[in-house]
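The structure appears right after this line, and notes come after that.
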Amino acid sequence: MNYDCLIVGAGLSGLVCGIRCASEGLRTVIISGGMNALHFSSGSIDLMGYDPSGKVIQSPCRYLKQLEEKKPGHPYSKVGVKTVRESMEFFKKQCGLAGLDLHDNGEENHFHITGLGTMKPSYFSQKSVFNDRLKEAYERKDPIAVLNFDGFRDYFTALTLEQIRGLPLLRGVRITTGKITLPYYFRTERNLHEFRSIDLARVFDSEKYLPRIADEIKKAAGGARIVGLPAFIGIDNFGWIHRRLEDMTGLLIYEVPTLPPSILGMRIDRALKTRFADLGGELSAGDKVFGGEIIDGMLDHVHTENYGSTRHRSRFYVFSTGSFFSGGIRSEFNKIEEPILKLRMSGSQERSKWYSESFFDKKGHPFLSYGVDTGKTLNPYGADGKTVKNLFCVGSILAGYDPIREGSGGGVAISTGYYAAGKIISARKKADLA
Amino acid sequence: MRTIETDVIIIGGGATGAGTVRDLSLRGIRAVLVEKDDIAFGTTGRNHGLLHSGARYAVNDLESARECISENRILKKIAAHCIEDTGGLFVTLPEDERTYHDRLLEGCRQAGIKAEEISAREAFSIEPNLNRSIIRAIKVPDGTIDPFRLAASNVLDAVEHGALILTHTRVTGVIVEGTRVAGITCEKDPGELINIRGRLVINAAGVWGQHICSLAGIELTMYPSKGSMVIIDYRINGVVVNRCRKPSDGDIIVPGDTVSLIGTTSKKIDYDKIEYLNVDDDEIEVLLRDGEKLIPNLSRTRVLRAYCGVRPLVDTPGKQAGGRSISRGIVLIDHEERDGLEGLLTIAGGKLMTYRLMAEMASDMTCLKLGIKAECSTHKQPLPGSETKISPKKHIRAFTGIPESVVGSTLYRHGQRVRNILKKDKKNYRIICECEMVTEGEVEYALKNLNVKDIVDLRRRTRIGMGPCQGELCAYRAAGLFKELGPGNQSVKSSQLLRDFLEERWKGIKPVLWGDSLREAEFTYWIYQGLFGLGDIDFTKRHGPDEGGDR
């Protein structure tokens with residue numbers, strides 16, 4: 001097996017990288033160990049949400065320009081604002097081609113409402129979460145009904161209501177809550193009250209119950225014009241179902257991300273995997289890369305658990321293996337490391353320095369910005385300290401940024417994945433010419 | 001200011017205070033218990049939950065050993081649903097002093113503890129995970145006891161017999177009139193002042209008893225000693241495993257519910273530090289290193305939390321002239337006799353095992369002081385939940401259709417009260433905390449009957465958020481249910497209770513933040529900060545009452 005590009009990890013950054021490589025005709029494979037972090041995400045894409053003091057950023061691209069000077073080690077500064085912009089457009093286009101329409105607010109952030117009723121700045125949201133019609137309705141101060149399925153335990157309207165009333169955007173808006181019942185027409189042996197978002201999304205996907213659900217939504221909405229529902233309006237057919245429900249009810253319906261599994265995140269995952277496959281990319285799922293060999297500053301081959309000593313070879317490699325949670329980096333009693341090649345890390349080895357005293361400290365936690373150290377072109381350094389020229393690290397394995405406190409996880413994944421693909425494509429073209 | 005009149009005021013909602021308020025209530029004496037935080041918040045909830053057979057004291061402290069075995073037998077009868085009669089082992093490793101084994105056997109014989117020497121092979125069949133290099137083993141009637149459940153059951157029984165329990169209520173002063181104590185003043189969260197007048201005040205505040213005495217203008221010196229423990233994220237042993245050597249750090253592993261605990265360290269600390277305790281890195285290292293010697297596969301098991309408590313050792317005037325001694329045993333002080341101050345008793349020292357005996361002693365003296373003739377019945381009267389022994393199987397038949405694991409867990413935690421908790425309504429038995437199988441019915445029962453004021457209290461009553469995920473998903477659900485079912489007219493936002501709960505979990509996670517614990521913490525942070533933005537909410541602004549609400 002000889003590839004142009006072998007990507008380890010099928011999360012947001014790996015998929016974006018794979019799609020761009022495959023779209024240029026490169027022979028691309030992604031080796032994936034399991035579910036990616038999109039399944040636990042909000043399903044909105046953030047680019048840069050907060051400055052270091054915690055203040056919300058209105059215009060992320062303008063902010064990134066300042067960041068280039070202030071923090072040259074930040075992944076955004078390494079890839080450059082121009083590439084960041086390009087990559088976001090590329091991502092939006094690819095999602096659209098797979099039937100997932102994203103809302104943007106020009107180059108400004110917009111806000112989506114969370115399951116706790118707080119507002120989170122985002123760069124892209126799915127059209128069922130936020131769109132221009134909703135924006136206008138909020139501005140008109142149209143009444144809102146926050147609804148839930150009776151007994152769904154991963155979303156509580158009471159918690160949303162408690163918080164939402166204090167939001168400046170919704171001052172003076174009449175907000176009510178209500179419940180929709182499912183049990184009497186949806187027959188199952190299972191305990192309906194233990195349904196997760198994905199079980200309910202399947203009920204929507206079947207379309208059979210839509211008229212009944214629409215009736216109940218209308219009833220529960222009272223006089224409201226806008227209806228908030230936990231995000232489970234389908235996984236496959238969501239665009240059509242959302243439009244149907246709005247037509248049937250005559251209401252504006254928006255989705256709220258709930259506790260995992262995240263239906264909104266799964267839609268992105270599916271859209272990207274569909275694009276990758278359509279472009280001829282190869283996905284090797286259920287396997288795990290555990291080692292490899294670097295020879296003269298080049299990664300020669302990698303090994304996977306399923307194939308043991310078989311050497312997987314490629315001209316270029318990309319590690320998009322994620323942070324601690326996904327296993328891209330690992331911690332022990334008093335040690336942090338990159339498990340596959342023991343690449344050079346940035347971060348303290350002293351455990352007491354890894355965390356902040358309080359969980360919700362305004363500064364976040366140091367461990368969240370630990371990761372693999374790379375040069376300007378995202379090439380990491382081997383255990384001997386030398387650059388590995390044909391290997392790129394992308395996404396949350398990278399050091400130098402805090403995806404949560406900054407609200408930058410999505411943007412960094414997309415832009416670094418896109419950037420590495422660009423490097424690989426141009427190197428490949430050069431080689432072809434030679 | 002609200003004024004409450006009663007007969008006896010008990011300060012401290014640990015096992016001793018909870019036991020005392022129950023004892024007095026069963027004797028028909030009016031009593032009010034005041035606790036600054038929650039039931040079992042202090043030392044009671046911060047030990048390893050060992051139901052001592054007494055064998056651990058058999059070599060050095062025969063008196064304690066005798067107290068332990070006698071209470072062990074009583075508790076197995078009256079608190080069956082708080083106890084697991086696991087049995088225990090004492091094992092000798094090649095590096096340990098050989099004679100200790102024989103001295104332990106002899107001590108147990110003298111104290112009346114049934115200790116039996118068994119072969120190493122037999123020990124492995126009882127506990128397959130044991131270190132294979134042990135050379136001798138003794139079987140003892142150790143067990144495990146859940147201190148939260150024990151204290152809560154005592155309180156529940158007291159309430160059902162007319163007692164008043166004020167949690168989250170801090171004592172601000174002791175009312176002294178002439179040479180007698182006439183009551184206390186206290187402050188209930190947030191900012192409500194209460195006067196409680198009674199004929200007698202019992203100081204059962206444990207290590208905090210020094211402060212209570214100082215409020216009454218008298219001196220009582222405590223010698224706090226910190227003990228740290230580590231929780232392992234699986235139940236790696238079925239029975240209690242003790243190291244057969246002079247008691248020291250890391251010599252016991254106690255199973256409990258779904259986890260195992262390694263105990264304990266011992267460090268002297270200054271009294272002014274008791275509110276600000278942390279588990280130190282060297283303590284974790286020693287606990288893991290020595291724990292691994294008893295059960296080797298511990299080194300491959302995830303560490304879940306580390307926590308510590310303060311042992312309340314009391315300074316009592318010694319028998320020898322001018323001498324002072326620090327007692328590990330039970331100390332009952334009549335301040336009339338000691339300081340010339342009437343109407344105040346202090347019950348201190350002792351251990352969780354002897355809480356009932358301490359309560360009996362304090363209550364006996366109370367009766368004597370108040371001139372009331374009433375006998376103690378706590379050694380015979382079972383706690384709520386343990387009234388009659390019912391086999392789990394029979395219960396499961398009564399709850400046909402509800403998953404066995406749900407019935408089993410609820411029965412395990414609440415004993416007979418399972419009947420007040422589980423209903424055949426499917427919403428009632430949906431799982432809120434998957435790690436510990438806590439249902440909505442159990443949450444509702446706790447919110448309505450067990451004096452729950454916040455989600456941290458709810459955890460102590462139900463084990464919500466105590467399993468491997470440490471509240472990752474159930475914390476949000478619990479906050480939602482709190483809003484729907486909890487005490488109405490909340491002045492505190494549910495989202496703030498949620499944040500406080502996660503901060504409390506973080507305290508125990510921080511010291512063991514590596515490996516899977518770090519991964520789990522990162523995930524929890526994603527959800528509550530990344531997905532929900534919980535840390536961005538400004539709780540300093542007061543919020544108005546909710547209008548509207550569910551239709």
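Convention: sequence-line order gives letters A, B, ...; per-chain numbering from 1.
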Which of [options] touches chain B most, by non-hydrogen pairs under 4.5 Å:
| options | result |
| --- | --- |
| A:Arg330, A:His112, A:Gln163 | A:Gln163 |
| A:Leu368, A:Thr258, A:Thr114 | A:Thr114 |
| A:Ile336, A:Thr118, A:Leu159 | A:Leu159 |
| A:Asp361, A:Asn191, A:Asn334 | A:Asn191 |
| A:Glu332, A:Lys335, A:Arg351 | A:Arg351 |

Counting heavy-atom pairs closer than 4.5 Å to chain A, which one of [options] comes out on top?
| options | value |
| --- | --- |
| B:Gly530, B:Cys474, B:Ala521 | B:Gly530 |
| B:Gln529, B:Arg499, B:Glu503 | B:Glu503 |
| B:Gly515, B:Gly480, B:Gly535 | B:Gly480 |

Heavy-atom distances under 4.5 Å only: say whether [X] touches chain A with side chain, backbone, both or neither.
| X | result |
| --- | --- |
| B:Leu513 | both |
| B:Ser517 | neither |
| B:Pro403 | neither |
| B:Leu534 | both |
| B:Val303 | neither |
| B:Trp506 | side chain |
| B:Ile284 | side chain |

Can [X] and [Y] be counted as an ion pair, charged N to O under 4.0 angstrom?
| X | Y | value |
| --- | --- | --- |
| B:Arg477 | B:Glu434 | yes |
| B:Asp536 | A:Arg405 | yes |
| B:Arg519 | B:Asp516 | yes |
| B:Glu440 | A:Arg153 | no |
| A:Glu357 | B:Lys510 | yes |

Per-residue contact mode, [X] against chain B (heavy atom under 4.5 angstrom):
| X | value |
| --- | --- |
| A:Ser352 | neither |
| A:Ser41 | backbone |
| A:Tyr155 | both |
| A:Asp154 | both |
| A:Ile404 | side chain |

Item to check | Parallel, tilted or perpendicular: ring planes of A:His365 versus A:Phe367, cut at 30 and 60 degrees | outcome: parallel
Checklist entry - Parallel under 30°, tilted from 30 to 60°, perpendicular over 60°: which one fits the rings of A:Trp354 and A:Tyr370? => result perpendicular
Item to check | Ring centre gap for A:Phe152 and A:Phe195 strictly below 6.0 Å | outcome: no
Item to check | Validation row, ring centre A:Phe325 to ring centre A:Phe40 under 6.0 Å | outcome: yes
Item to check | B:Thr265 versus B:Glu283, side-chain donor and acceptor atoms under 3.5 Å | outcome: yes
Next on the checklist: For B:Ile232, run the side-chain contact (heavy atoms from CB on, under 4.5 Å) check against B:Leu304, B:Thr301, B:Ile295 and tell me which one passes.
Outcome noted: B:Thr301
Checklist entry - Ignoring hydrogens and geometry, is there a side-chain-to-backbone donor-acceptor pair from A:Ser369 to A:Pro366 under 3.5 Å? => result yes
